[in-house]
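Quick notes on the structure that follows.
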Amino acid sequence: MARPRILRLSLSLLGVVLFFALWEALPRLGLVKPMLLPAPSEIPATFWRELTSGAWADAVLQSLRHYLSGLVLGSAMGVALGVATGMSRTLEDMTNWIVRLLRPIPGLAWVPFAIIWFGVSSTAANFIIIVGVFWINYFAALGAVQAVDRDLIELANAFGHRSPLAKLVKVILPASVQPIMAGLRTGLGQAWMAVVAAELFGVAGLGQRMMQASSLLATDVVVVYMITMAVLYGVVDMAFVALRDRLLAWKA
């Protein structure tokens, strides 16, 4: 029997309360050193100090700039190449082994090259984010295009839409837009992880601020920026879902 919605919400709230109560109890009871795990009751004051000093706003703006530019470029490149490869067997054959060689390399492995090529700069951070996002969107778009019903392609041919551009606009994109959007949404989270990885090496932003704080054992500051990243990702994800639902309303 399905539980009432109000009961499910109450249980969810209870779980959150118990989680924070346990977290608060661990340092308060001396089970964990406060230096290693600050109590959540200390976080608001730490956040206020970071906010009034200007450090928080500066770090957020820097990271958002890296995040958005890397996300847009990586997603656009991944979707474009994935769609093109899905539509062309020749291109797929040409890129098969290139993809097999490059795909297993994690984004962090490109950090040394990013620093060598671009220095400790925003361009280096953008490069790492682009690499992190590219493959998710490439495979999402490739799989979506290859899964399009071949009967729809034949139908487009029968109605005179024989050019690749006509098939792309009339059949392939409308049929594959939903899984492509799913790939884009997955890339939202991957891009945040790549932002932190890129900034841990000295590029200004949330990651750099976390490293500075951790070197001073200011774990309360680290927690502030961890929560900041979680909230920012949640806001971005909610905005994307709202946009996706609006764009895909015609499929309902």
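Just so we're clear, the structure is a prediction, and the values are computed from it rather than from any experiment.
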### Query
For R89, does the CZ atom sit with more than 12 other heavy atoms under 6.0 Å from it, leaving out its own atoms?
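It does not: R89 CZ has 12 such atoms or fewer within range.
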### Query
Take atom CH2 in W117; do more than 12 heavy atoms of anything else shown fall under 6.0 Å from it?
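Buried by this count: over 12 neighbours within 6.0 Å.
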Is [Y] reachable from [X] through a run of I, L, V, M, F, W or Y residues, each pair having side-chain heavy atoms under 4.5 Å apart?
X	Y	answer
M226	L51	yes
V17	L9	no
I227	L36	yes
V235	Y233	yes
M94	M77	no

Which pair of non-hydrogen atoms, one from [X] and one from [Y], has the smallest distance, and what is that distance?
X	Y	value
P27	P38	CG-C, 4.3 Å
R65	N126	O-OD1, 4.5 Å
V133	A191	CG2-CB, 3.6 Å
M211	S214	O-OG, 2.9 Å
Y225	M210	CB-CG, 3.5 Å
G183	I136	O-CG2, 3.5 Å

Give, for atom [atom1] of [X] and atom [atom2] of [Y], the distance between the pair rounded to the nearest 0.5 Å.
X	Y	atom1	atom2	result
K33	L26	NZ	CG	15.0 Å
I105	W135	CD1	CH2	9.0 Å
D220	L37	CG	CG	11.0 Å
M193	I128	CE	CD1	14.5 Å
T95	L101	OG1	CG	11.5 Å
R8	I6	CZ	CD1	11.5 Å

Please check: side-chain N/O of [X] versus main-chain N/O of [Y], any donor-acceptor pairing under 3.5 Å?
X	Y	result
S88	L91	yes
T219	M35	yes
Q208	E199	no
Y67	A194	no
E24	S41	yes
S215	Q212	yes
T85	E92	no
S75	V72	no

So do the side chains of [X] and [Y] get within less than 4.5 Å of each other, counting heavy atoms only?
X	Y	answer
F118	F113	no
L206	V60	yes
Y138	V99	yes
T228	V224	yes
I129	L73	no
L232	W192	yes
V223	W23	yes
H66	S122	yes

### Task
Quick one: do F134 and L81 satisfy side chain to side chain contact (heavy atoms under 4.5 Å, CB included)? Show the steps, please.
CA-CA 9 Å; F134 174 83; L81 186 58; 3.7 Å; yes
### Task
Apply the side chain to side chain contact (heavy atoms under 4.5 Å, CB included) test between S63 and each candidate in D58, V195, V196; give the one that qualifies.
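It is V195; the other options fail the test.
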### Query
Could you walk me through whether R49 and W56 pass the side chain to side chain contact (heavy atoms under 4.5 Å, CB included) check?
CA-CA 9 Å; R49 287 199 306 271; W56 184 86; over 6 Å; no
### Message
Please evaluate residues R244 and D237 with respect to the criterion salt bridge (charged side-chain N to carboxylate O under 4.0 Å, His left out), reporting the C-alpha separation (whole Å), side-chain torsions for both, the decisive distance (0.1 Å), and the verdict.
### Response
CA-CA 10 Å; R244 180 202 62 187; D237 186 65; over 6 Å; no
### Task
Please report the C-alpha distance between V79 and L184 in whole Å, then the side-chain angles of each, then the deciding distance to 0.1 Å, and finally whether the side chain to side chain contact (heavy atoms under 4.5 Å, CB included) criterion is met.
CA-CA 9 Å; V79 170; L184 289 171; 4.2 Å; yes
### Task
Evaluate the ring planes of W110 and F127, with Trp represented by its six-membered ring, and classify them as parallel (under 30°), tilted (30 to 60°) or perpendicular (over 60°).
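The arrangement is perpendicular - the two ring planes meet at more than 60°.
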